[in-house]
Number of protein chains: 2
Amino acid sequence: MAIVCQNLPDACQHCPVPAPRRRATITSVAEAAGVATSTVSRAFSNPGRVNHVTREHVLAVAERLGYSPNPTAQALESGRTNTVALVVPDITNPYFSGVVKGAERAAAEARLTLVIGDAQENPVHEERLVRRLGAAVDGFVLTASRMPDEALQRASELNRIVLVNRASPGLTSVVADFASGTRQIVAHLASHGHRSFVFLGGPAESWSGARRWAGLRAAADEHGLEATRFGPYTPTTASGPAAADAVLTTRATAVVAHNDVLAIGVLQRLAERGVRVPEQLSVVGFDDVFGADFCHPPLTTLAERTTEAGARAVEALAALTRPGATPTGDDAPVRVLPTQLVVRASSGPAPT
Amino acid sequence: MAIVCQNLPDACQHCPVPAPRRRATITSVAEAAGVATSTVSRAFSNPGRVNHVTREHVLAVAERLGYSPNPTAQALESGRTNTVALVVPDITNPYFSGVVKGAERAAAEARLTLVIGDAQENPVHEERLVRRLGAAVDGFVLTASRMPDEALQRASELNRIVLVNRASPGLTSVVADFASGTRQIVAHLASHGHRSFVFLGGPAESWSGARRWAGLRAAADEHGLEATRFGPYTPTTASGPAAADAVLTTRATAVVAHNDVLAIGVLQRLAERGVRVPEQLSVVGFDDVFGADFCHPPLTTLAERTTEAGARAVEALAALTRPGATPTGDDAPVRVLPTQLVVRASSGPAPT
DNA sequence: CAAATTTTGGCAAACGATTGCCATGTGACG
DNA sequence: CGTCACATGGCAATCGTTTGCCAAAATTTG
């Protein structure tokens with residue numbers, strides 16, 4: 001590792017890095033306080049079981065020694081780690097940062113530690129991640145999971161699992177209302193005189209991609225529009241050129257992309273090729289990510305409550321892991337969050 | 001929790017969620033294989049210490065039972081969790097997704113689990129996070145830490161710490177080369193005839209913000225430009241209006257924002273107010289985040305190697321936590337990564 | 001004042017894995 | 001055939017915490 005020190009006042013002094021000092025343990029606290037370890041333990045976790053003044057004393061000593069219970073040891077003893085894992089297909093996709101944020105917040109409120117895993121858009125990697133982390137966490141929130149149903153079932157035998165934007169028999173999940181959302185999109189296009197549109201599909205394994213297409217097609221039928229599906233495309237701006245060029249071979253007057261990132265890539269390519277949006281072609285995305293409001297032209301898109309989805313999923317997981325929880329009846333597995341079409345400048349009247 | 005089931009085939013069957021099946025332990029494997037637990041342990045971690053055929057047998061039994069060693073128990077025994085924590089000020093800031101991605105990758109390569117913490121732009125929250133997680137991880141990567149030096153020193157006594165875009169005496173860190181970067185920015189502006197610019201500062205505690213301003217001012221001196229600092233502003237698009245309006249009270253022909261997100265907010269506000277960019281005012285940002293290339297106009301910005309920074313930081317941490325590591329001499333604390341000015345359409349000649 | 005009852009604190013056994021040490025069993029060599 | 005070395009597997013302690021159970025002390029009650 002080549003190291004260069006420049007212009008960094010007070011920083012590079014080549015000091016040796018000291019090994020971390022040993023932490024105080026329950027035993028050292030017990031010794032210092034002159035009580036048994038069990039008393040220290042109870043002073044923390046079972047206040048009623050120990051004399052008021054003893055407790056004060058123990059707590060004071062613990063404070064002085066900077067003691068806090070070792071979570072690893074607690075986990076080993078109790079079998080609960082108070083940690084949940086959030087798995088996303090691609091952490092750099094801005095869509096997921098909303099989910100992450102919501103999950104973070106809910107986890108903090110439930111006093112849970114959150115681990116984030118990146119499945120790299122790969123079911124195999126995702127499954128490996130779940131297996132590797134399985135024993136170290138109390139449960140998983142799998143976002144837009146690409147794992148096949150059987151794999152999910154198998155995983156759910158060993159771990160508690162909550163899904164986001166994915167459903168699978170018997171598993172709790174939080175999903176966006178794509179049925180209503182896609183209807184809003186198609187109604188918007190139809191009202192502007194469009195007669196046909198192209199859907200640029202995302203990854204083949206994407207459950208929400210399938211729901212989106214199913215919803216769009218059903219709504220298209222209702223409104224008498226023609227819908228065609230292209231793809232699959234990787235949902236990155238890099239796929240924009242291929243997707244846009246494919247659309248330009250058709251007579252479609254509107255295009256609905258699997259998500260905003262892809263839609264933005266399409267917008268960039270269309271600009272390059274001199275196709276005017278929305279005059280010649282309307283473009284609609286999904287997700288309303290950071291950037292959808294300031295790309296050019298600003299993108300019409302279906303907004304989901306991603307932050308809420310992340311939060312609800314973690315809450316559901318927390319409820320599932322709480323000691324005597326067995327969800328039945330009202331506490332049933334699927335929660336649907338509303339979606340909302342945000343109309344911006346990338347969509348408009350069909351060309352005549 | 002109100003639950004609605006609609007349009008979700010095969011999903012909402014109100015099945016009870018079964019409690020997770022018990023995992024196989026080393027004891028159950030030992031019993032099933034007819035050997036002692038120590039043999040099972042060694043079959044996994046010390047192959048030379050156990051007979052070839054016994055080992056095959058044990059491994060086969062373990063496979064059949066779906067056994068994998070419990071990380072919690074291993075952690076308790078060894079004192080190492082093989083987990084590192086990455087703390088960022090705000091996970092929704094796209095700037096950090098690069099760091100996260102790089103850290104993820106490096107962690108996976110080093111066979112480490114990565115935990116992500118969100119400090120919510122708050123030194124107090126950050127310190128609490130470090131304290132809470134301290135015993136559960138082998139070390140921390142603190143990105144753009146807002147903690148004061150003393151707090152960092154204190155924390156480093158109990159945990160191994162590597163900093164990203166922050167330096168503190170004696171602590172290993174990975175930082176972007178702001179000295180060169182800010183010189184590139186100022187040279188760019190000077191070459192276009194600008195005589196003065198405004199810097200829109202970020203959070204007061206931001207170390208990289210201070211470096212940026214220091215570098216800009218030094219470079220401005222060199223080129224005989226006048227530099228003024230405004231702020232602090234929260235680095236979100238929401239601060240754009242206030243920041244832009246402040247700039248418009250001056251005669252500056254260029255503005256350099258603390259980061260791209262703020263710069264984009266400024267661009268939006270300038271468009272609202274009918275100020276043409278770059279004809280009337282040049283705008284430059286830092287970070288080259290997702291969106292900087294497709295905002296309007298595309299943003300001139302200083303690109304950092306965020307992915308590499310994340311990866312290098314985790315690698316450094318891994319090296320630090322490996323048994324006999326004591327960095328000295330060549331292995332010194334500060335690593336500087338190059339930066340590169342990406343010139344786009346938001347900057348140009350000064351108005352005459 | 002003795003007996004019954006309630007506090008209160010300590011002992012020791014888990015939790016699941018690792019590892020130093022020891023006791024076998026095997027083969028080789030003189 | 002005796003001795004030695006080495007390969008192999010088991011015993012048991014350890015990591016830091018929790019918790020069921022018991023005993024001593026303090027309190028109430030008759």
Side-chain angles (χ1 to χ4, degrees), chain A residues 20-59 61-62 65-83 132-138 158 323, chain B residues 20-59 61-62 65-83 132-138 158 323:
Chain A
R21 181 157 47 87
R22 273 185 79 78
R23 283 167 187 282
T25 71
I26 200 172
T27 317
S28 53
V29 174
E31 273 172 17
V35 298
T37 59
S38 44
T39 305
V40 178
S41 173
R42 284 193 273 256
F44 278 87
S45 51
N46 198 351
R49 195 66 183 61
V50 63
N51 187 299
H52 174 72
V53 4
T54 319
R55 173 153 193 266
E56 297 290 286
H57 175 226
V58 169
L59 260 35
V61 171
L65 266 51
Y67 167 79
S68 65
N70 181 328
T72 309
Q74 285 182 314
L76 181 57
E77 152 65 28
S78 67
R80 309 191 63 241
T81 58
N82 289 311
T83 301
R132 241 178 78 79
L133 246 44
V137 303
D138 293 341
L158 284 172
Chain B
R21 182 156 46 87
R22 274 185 79 78
R23 284 168 186 281
T25 72
I26 200 173
T27 317
S28 53
V29 173
E31 273 172 16
V35 298
T37 60
S38 42
T39 305
V40 178
S41 173
R42 284 193 273 255
F44 278 88
S45 52
N46 198 351
R49 197 66 182 62
V50 63
N51 187 297
H52 174 71
V53 2
T54 319
R55 173 153 193 265
E56 296 291 286
H57 176 224
V58 168
L59 259 38
V61 171
L65 266 52
Y67 167 79
S68 65
N70 181 328
T72 309
Q74 285 181 314
L76 181 58
E77 151 66 28
S78 66
R80 311 191 60 243
T81 59
N82 290 313
T83 301
R132 242 178 77 79
L133 247 43
V137 302
D138 293 340
L158 284 173

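Phosphate proximity of D:dT18 to A:Gln74: present, with a side-chain N or O under 4.0 Å from OP1 or OP2. Not one side-chain nitrogen or oxygen of B:Asn70 sits closer than 4.0 Å to the OP1 or OP2 atom of C:dA17.
When heavy atoms are screened at a 4.0 angstrom cut-off, A:Thr72 is found touching no nucleic acid atom at all. Across all strands, A:Ser78 comes closer than 4.0 Å to no nucleic acid atom at all (heavy-atom distances).
Each of A:Pro71 and B:His52 was assigned the nucleotide of DNA chain D with the nearest heavy atom; the assignment lying further toward the 5' end belongs to B:His52.
Taking OG of A:Ser28 as the reference point, atom CZ of A:Arg23 lies at 12.0 Å (rounded to 0.5 Å). Here the CZ-OG distance, from A:Arg49 to A:Ser41, works out to 11.0 Å after rounding to the nearest 0.5 Å. Between the CG atom of B:Leu76 and the CD atom of A:Gln74 there is a distance of 11.5 Å, given to the nearest 0.5 Å. Taking CD1 from A:Ile26 and CG from A:Leu65, the interatomic distance works out to 12.5 Å, rounded to the nearest 0.5 Å.
Minimum atom distance to the side chain of A:Ala73 is reached by D:dT17, of the listed C:dC15, D:dT17, C:dG10. Distance from the side chain of B:Tyr67 is smallest to C:dA17 among C:dA17, D:dT18, D:dC15.
Remark: A:Val35, A:Ala36, A:Ser38, A:Thr39, A:Arg42 in residues 32-43 of chain A come within less than 4.0 Å of DNA chain C through at least one heavy atom.
The CZ-P distance, from A:Arg55 to C:dT7, rounds to 17 Å in whole Å. We find that CG of A:Asn46 is positioned 15 Å from P of C:dG10, with the value rounded to whole Å. If you measure from atom CD of B:Glu56 to atom P of D:dT8, you get 13 Å, rounded to the nearest angstrom. For the pair A:Glu77 CD and D:dG20 P, the computed distance is 10 Å after rounding to whole Å. In this structure, the CG atom of A:Leu76 is 12 Å from the C1' atom of D:dT14, given to the nearest Å. Between B:Ile26 atom CD1 and C:dC15 atom P there is a gap of 14 Å when expressed in whole angstrom units. Across the protein-nucleic acid pair, B:His57 atom NE2 and D:dT8 atom P stand 17 Å apart, rounded to whole Å. B:Arg49 has its CZ atom 14 Å from the P atom of D:dC6, to the nearest Å.
Looking only at side-chain heavy atoms (C-beta outward), A:Val40 and A:Val35 come within less than 4.5 Å of each other. For the pair A:Val53/A:His57, no side-chain contact is recorded, criterion being any heavy-atom separation below 4.5 Å from C-beta on.
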